[in-house]
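Here the structure comes first, spelled out in structure tokens, and everything after it is commentary.
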Amino acid sequence: MYTKKIYFSGDLDILIETFEGVKGVVKVTAGNISAQNVISYAYREPRTLENISGVEIEFNPKKIDISTLLDILFNNLNPYEENNLGVYYTMGEDTPQVELHMNFVANKGKCPASSSAALIMNDPNSNPRLNRQCYVNFGRFKNFRQ
């Protein structure tokens, strides 16, 4: 069976409980993650992170995809609280999916841009201080140790 891996950092107990038993997830392993070219919307400069507590999720991509795994992650852990939450992927083909999902999460609840006619459509929050800040790290996986 062909499987892929993705790595999530955050509260280990919640991560393990969340992903064990999910259809398509083959194995959940706790350990330490190292990643490179890590980006966060709170800290704009890419950096390398070493020995972050997290889990390795081995999954069958024919039964569950990365986007669904990210939906499950963010339904159980709040990306707007600073709690070392992170998403680390192994393959370049995963970059667009992860970046798209992270941009969606980071911009959720922010004011939309005005149109060329200077109209603002569906403005949920006109006070920028009330916008939520996304603290999730994401980047290219480097290594994992149990």
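- Between the side chain of R47 and the backbone N or O of I39 there is no donor-acceptor pair closer than 3.5 Å.
- For the pair R145/N51, a side-chain contact is recorded, criterion being any heavy-atom separation below 4.5 Å from C-beta on.
- Heavy atoms only, all atoms of each residue included: Y80 and N78 are closest at N-OD1, 2.8 Å.
- Exactly one residue among I52, T18, I57 makes a side-chain contact (heavy atoms from CB on, under 4.5 Å) with F8. That residue is I57.
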For a quick test of your reading: what N or O donor-acceptor pairs under 3.5 Å do the side chains of residues 60-72 make, sequence neighbours left out?
unit_1, atom_1, unit_2, atom_2, d
N60, OD1, K62, N, 2.9
D65, OD1, T68, N, 2.8
D65, OD1, T68, OG1, 2.6
D71, OD1, H101, NE2, 3.2

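- In this structure, I14 is a member of the same hydrophobic cluster as I16, with clusters built from ILVMFWY side-chain heavy atoms closer than 4.5 Å.
- Under the 4.5 Å side-chain criterion, counting only non-hydrogen atoms from C-beta, F144 is not in contact with Y88.
- From N143, atom CG reaches atom OG1 of T90 across 13.0 Å, with rounding to the nearest 0.5 Å.
- At least one side-chain heavy atom of L15 sits under 4.5 Å from a side-chain heavy atom of L73.
- Here the closest non-hydrogen pair linking C134 and S40 is O-OG, 4.4 Å.
- The closest donor-acceptor contact from the side chain of Y89 to the backbone of F138 lies at 3.5 Å or more, if one exists at all.
- Between the side chains of Q36 and T48, no donor N or O sits under 3.5 Å from an acceptor N or O.
- Here the CD atom belonging to Q97 is positioned 11.0 Å from the CE atom belonging to M91, to the nearest 0.5 angstrom.
- V136 is connected to L77 through a chain of hydrophobic side-chain contacts under 4.5 Å among Ile, Leu, Val, Met, Phe, Trp and Tyr, so both are in one cluster.
- Residues K27 and E56 are not paired through a salt bridge, judged by the lack of any N-O separation under 4.0 Å between the basic side chain and the carboxylate.
- Sparse packing is recorded around CD of Q146, with 12 or fewer heavy atoms of other residues, nucleotides or ligands lying under 6.0 Å away.
- A 4.5 Å side-chain heavy-atom check between V22 and F59 finds every atom pair outside the cut-off.
- A search for salt bridge (Lys or Arg N to Asp or Glu O under 4.0 Å) contacts involving E20 returns nothing, not counting sequence neighbours.
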Given the rule in the side chain to side chain contact (heavy atoms under 4.5 Å, CB included) test, do S53 and N32 qualify, once you have shown the distances and angles that lead to the verdict? CA-CA 5 Å; S53 294; N32 289 319; 3.8 Å; yes
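- With hydrogens and angles disregarded, a donor-acceptor distance shorter than 3.5 Å links the side chain of S9 to the backbone of N84.
- Under the 4.5 Å side-chain criterion, counting only non-hydrogen atoms from C-beta, F74 is in contact with M102.
- Of the listed residues (V38, V105, I6), just one forms a side-chain contact (heavy atoms from CB on, under 4.5 Å) with V87, and that residue is I6.
- Other residues, nucleotides and ligands contribute more than 12 heavy atoms inside 6.0 Å of the CD atom of E58.
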With side chain to side chain contact (heavy atoms under 4.5 Å, CB included) as the criterion, how do L85 and Y135 come out once you've worked through the C-alpha distance, each side chain's angles and the decisive distance to 0.1 Å? CA-CA 7 Å; L85 190 57; Y135 294 102; over 6 Å; no
